[in-house]
Amino acid sequence: MRAVDARGWDLRLRRAGRAALAALAALTALRGLPAAPARAEAPSTPPFGNEDVVRMVMARVPMAEIIARIESGPVAFDLTPEVVEELRLAGVGEPILAAMRRRQSMTAPAAPPTTTPAVAPATGTLEVLFPAPPKKDRPWEHSALALRSLPEGAERRSTSSAHPGPVAMSDMALAILCLTVDHVPDHWDASTPLKEGPRHELLLFRKGVAEHDMRGLRMIYLKHDDDYRLALPEGVHDIMVAPAGQRASSGDWVLFPTPSVRVTILPGRTTRLTMRAESRISGSRLSGLAVDVEWKVASVEGPEPGP
């Protein structure tokens, strides 16, 4: 009786061995790898793969040793559903399959970081209008006037606190500034041609000059457009629209002091500033010359719906 039992047990072992060998052959064919890889001296240890796991299982290596080997070195597992089923048929248990999955997830290449595209800030429009002068043949009276050169022996005086007196200017420009503290960039003075002005973000600086002779004096005035349109970020801005002159003596650009105004900019809408610009020269060579420039915002309209 014992002999019969022994022979039956041996028969069952041989059948299990044949089934494991058949599963290993099927797994090898599925992966398209040779059943008996040729020995070669590799410069480095090849990664531990599915076939290595099956061989250790067939050799009755303890499960703890197989899992330790999986976790100790480089691996290259194929754990697609059909291959996992072949591994089960070859006798690979669930604890070993779980260790293979865990190790594969640890060695998988990291996914490239996703970058969130930068979102452009919502913007609205600031429109600056200069109404047409009533006397179109005298445009300097509705602009900023300056002396190109000082007559010899002429005295300087000023009747306006806004402009300290005539200084020879060689060029002129229109400047639009934002004085809001949070909007002023770092090193702001390196990104503006203006000197001796307030801290600002320069929104527009556009040159334009024309000459005019007045009572024997060589004058220049700012030749500006009727309409300027600027795109600004949504929010509240302290805006200054002012003429600027280039001193003939130093070449520095200086602002003609002008009051600022607070405006609100809304996305897709227009805020309109209507300017009042006046300029005149008074006095004489004997009594003293004065150039008076008065610029200010006459009205603020909007925000109005955009097109």
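Computed from a predicted structure; not experimentally measured.
Taking 4.5 Å as the limit, every side-chain heavy atom of V209 sits out of range of all side-chain heavy atoms of K223. Residues L147 and M219 meet the side-chain proximity criterion, which asks for heavy atoms closer than 4.5 Å. In this structure the side chain of V75 never reaches within 4.5 angstrom of the side chain of D52, judged on heavy atoms. Y221 places none of its side-chain heavy atoms less than 4.5 Å from the side chain of S279. Side-chain atoms of V254 and M169, non-hydrogen and from C-beta on, do get closer than 4.5 Å to each other. Counting heavy atoms from C-beta on, the side chains of F130 and L174 come closer than 4.5 Å. Within the 4.5 Å cutoff, the side chain of M240 has heavy atoms near those of the L255 side chain. For the pair L177/S260, no side-chain contact is recorded, criterion being any heavy-atom separation below 4.5 Å from C-beta on.
Just one of I239, T123, T125 meets the side-chain contact (heavy atoms from CB on, under 4.5 Å) condition when paired with L232; it is I239. Applying side-chain contact (heavy atoms from CB on, under 4.5 Å) to L87 and the options I96, V57, L79 leaves one that passes, L79.
One finds the CG atom of L129 at 5.5 Å from the CZ atom of R272 (value rounded to the nearest 0.5 Å). Between the CD atom of E94 and the CZ atom of R88 there is a distance of 4.5 Å, given to the nearest 0.5 Å. Here the CD1-OG1 distance, from I265 to T270, works out to 8.5 Å after rounding to the nearest 0.5 Å. With rounding to the nearest 0.5 angstrom, the CZ atom of F48 is 7.5 Å from the CD1 atom of I66. Within the model, atoms CD of E86 and OG1 of T80 stand 10.0 Å from one another, a figure rounded to the nearest 0.5 Å. To the nearest 0.5 angstrom, K207 atom NZ is 6.0 Å from Q246 atom CD.
Transitive grouping of hydrophobic side chains (ILVMFWY, heavy atoms separated by less than 4.5 Å) brings I70 and L97 into a common cluster. Residues W188 and L203 fall into different hydrophobic clusters, defined by Ile, Leu, Val, Met, Phe, Trp and Tyr side chains chained together at heavy-atom separations under 4.5 Å. Hydrophobic cluster membership differs between L266 and L230, with clusters built from Ile, Leu, Val, Met, Phe, Trp and Tyr side chains linked at under 4.5 angstrom.
In this structure, the side chain of T192 engages the main chain of L194 through a donor-acceptor pair within 3.5 Å. Side chain of T271 to backbone of T264: a donor-acceptor contact under 3.5 angstrom is found. Between the E127 side chain and the R229 main chain, no donor and acceptor come within less than 3.5 Å of each other. Remark: side-chain polar atoms of S143 are paired, donor with acceptor, to backbone N or O of L222 under 3.5 angstrom. The closest donor-acceptor contact from the side chain of D238 to the backbone of L179 lies at 3.5 Å or more, if one exists at all. Judged purely by atom type and a 3.5 angstrom limit, T258 uses its side chain to pair as donor or acceptor with the backbone of F256.
When all heavy atoms are compared, the tightest approach of N50 to D78 is ND2-O, 2.8 Å. Considering every non-hydrogen atom in both R280 and E278, the closest pair reads NH2-OE1, 3.3 Å. Pairing each heavy atom of H224 with each of H142, the nearest pair is NE2-O, 3.2 Å. A244 and F205 make their closest contact through CB-CE1, 4.3 Å (heavy atoms, listed as atom of the first residue, atom of the second, distance). A pairwise comparison of heavy atoms in V184 and C178 identifies CG2-O, 4.3 Å as the closest pair. When all heavy atoms of V236 and T180 are compared, the pair lying nearest together is O-OG1, 3.8 Å.
Ring-plane geometry between H212 and W140 is classed as parallel, the angle between the planes falling under 30 degrees on a 0 to 90 degree scale with a further cut at 60.
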Go through the steps to decide whether R103 and E71 satisfy the test salt bridge (charged side-chain N to carboxylate O under 4.0 Å, His left out), and finish with yes or no. CA-CA 6 Å; R103 182 62 174 164; E71 295 176 346; over 6 Å; no

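Sparse packing is recorded around CZ of R262, with 12 or fewer heavy atoms of other residues, nucleotides or ligands lying under 6.0 Å away.
Look at R206 and D225 and you find a salt bridge, because one of the NZ, NE, NH1 or NH2 atoms lies within 4.0 Å of a carboxylate O, short of that distance.
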